[in-house]
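Have a look at the structure below, then the notes.
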Amino acid sequence: MVSNITRNGLVLMLLGGFAAGCASTEPVAYSGLASAAQLRPDPNDRSGRKPYGYESEVDWSTYRKIIIPPVGIYGGPDSQFGKMPDADKRLLAAYMQSEFMSAAATRFAITTIPAPDVLRVEITLTGAKATTPVLGTASRFDIMGGAYNTVQAVRQKEGALTGSVSYAVEIYDAASNRLLKAYVAKQYPNAMNVGASLKPLDAAKVGIRKAADDFVAQIREGPSMAAG
């Protein structure tokens with residue numbers, strides 16, 4: 001039988017971890033990015049996932065191929081990795097490279113040679129958070145955490161004690177090196193996604209897959225009329 005002291009200790013640990021997990025850090029206009037001077041607050045972003053961006057007038061249908069260099073790991077003082085080990089950063093960057101390449105291949109031919117019909121996409125991992133082991137899963141079922149995460153799921157907001165990934169995407173005309181579009185963003189799984197809470201980096205990986213799909217969805221066939 002679990003003693004009252006042990007039980008109380010577990011409750012306090014859950015409450016403390018839950019309170020800490022409710023805090024959410026939004027991505028910033030990272031000062032070390034090549035596009036930092038062009039990034040502006042996005043008034044159309046109500047989700048908080050993509051607060052800063054830049055976009056010129058582009059006819060995306062003129063681009064048939066894409067170059068995706070290796071994903072960079074942001075090292076500026078405004079990075080958002082917390083205490084994440086370098087090995088985990090490298091693992092997530094490699095995973096992001098693979099997912100963006102796979103997603104881009106559904107729309108473009110992959111190449112390494114600049115040309116007038118080629119995009120170059122610079123992707124930078126700017127932050128990440130691991131899921132808190134055990135507590136992340138427990139918070140989906142306990143009374144307090146379950147209620148909070150249910151509300152967050154409906155609002156499509158970040159769950160408690162769950163991992164996430166923050167990143168920057170900078171899209172250039174490969175031939176002229178002209179910046180066409182840039183944005184910083186944050187992605188994470190649905191707040192009630194239990195499967196994404198089982199291992200420390202699972203939620204961040206879900207976020208990366210969503211980031212890759214979101215990227216391709218933005219490169220539309222028709223012209224973009226948003227002025228930068």
- Item | CD1-CD1 distance between Ile171 and Ile123, expressed to the nearest 0.5 angstrom | 9.0 Å

- Task: Grab the two heavy atoms, one from Ala36 and one from Ser31, that are nearest each other, plus how far apart they are.
- Result: CB-O, 3.7 Å

- Between Thr111 and Ile113, is there a donor-acceptor pair closer than 3.5 Å when you use the side chain of the first and the backbone of the second? yes

- Task: Please lay out, stage by stage, how Gln80 and Val28 fare under the test side chain to side chain contact (heavy atoms under 4.5 Å, CB included).
- Result: CA-CA 9 Å; Gln80 296 176 316; Val28 300; 4.0 Å; yes

- Message: As an exercise, state the distance from NZ of Lys181 to OH of Tyr54, rounded to the nearest 0.5 Å.
- Response: 11.0 Å

- Item | Tyr52 side, atom OH; Ser35 side, atom OG - distance, nearest 0.5 Å | 13.0 Å

- Query: Taking atom OG1 of Thr124 and atom CD of Glu170, what is their separation to the nearest 0.5 Å?
  - Reply: 5.5 Å

- What's the spacing between Met84 CE and Leu92 CG if we round to 0.5 Å? 5.5 Å

- Message: Donor-acceptor check, side chain of Glu99 to backbone of Lys210, threshold 3.5 angstrom: yes or no?
- Response: no

- Task: State whether the side chain of Gln97 and the backbone N or O of Ile68 hold a donor-acceptor pair below 3.5 Å, judged by distance alone.
- Result: yes

- Query: Hey, does the side chain of Asp88 reach the backbone of Leu201 with a donor-acceptor pair shorter than 3.5 angstrom?
  - Reply: no

- Item | Trace of the side chain to side chain contact (heavy atoms under 4.5 Å, CB included) decision for Ile66 with Met101 | CA-CA 9 Å; Ile66 194 167; Met101 291 281 282; over 6 Å; no

- Item | N/O donor-acceptor pair under 3.5 Å between Ser166 side chain and Lys186 backbone | no

- Message: Apply side chain to side chain contact (heavy atoms under 4.5 Å, CB included) to residues Asp214 and Lys50 and explain how you reach the verdict.
- Response: CA-CA 11 Å; Asp214 176 69; Lys50 202 177 298 175; 2.8 Å; yes

- Query: Between atom NZ of Lys129 and atom OG1 of Thr131, what is the distance when rounded to the nearest 0.5 Å?
  - Reply: 8.0 Å

- Quick one: closest heavy-atom pair of Tyr63 and Arg107, and the distance? O-NH1, 3.4 Å

- Item | Partner of Tyr95 under side chain to side chain contact (heavy atoms under 4.5 Å, CB included), chosen from Ile208, Val165, Leu125, Val71 | Ile208

- Item | Minimal non-hydrogen separation, Tyr172 against Ala34, with atom names | OH-CB, 3.6 Å

- Message: Under a 4.0 Å threshold between the charged nitrogen and the carboxylate oxygen, would Lys89 count as salt-bridged to Asp86?
- Response: yes

- Task: Would you name the heavy atoms of Phe215 and Ala104 that are closest together and state the gap between them?
- Result: CE2-CB, 4.4 Å

- Task: Go through Thr62 and Asp59 one step at a time and tell me if the side chain to side chain donor-acceptor pair (under 3.5 Å) criterion holds.
- Result: CA-CA 6 Å; Thr62 63; Asp59 184 351; 5.3 Å; no

- Tyr167 vs Tyr183 aromatic rings, parallel, tilted or perpendicular, using cut-offs 30° and 60°? perpendicular

- Query: Taking only residues two or more places apart in sequence or in another chain, which ones pass side-chain contact (heavy atoms from CB on, under 4.5 Å) with Arg40?
  - Reply: none

- Is there a donor-acceptor pair closer than 3.5 Å between any side-chain N or O of Ser79 and the backbone N or O of Gly75? no

- Message: How close do Asp78 and Ala29 get, counting heavy atoms only, and between which atoms?
- Response: OD2-O, 4.4 Å

- Query: Looking only at heavy atoms, what is the nearest atom pair of Val184 and Ala168, with distance?
  - Reply: CG1-CB, 3.9 Å

- Task: Report the hydrophobic cluster partners of Ile67, with the cluster defined as I, L, V, M, F, W, Y residues connected by side-chain heavy atoms closer than 4.5 angstrom, directly or transitively.
- Result: Val118

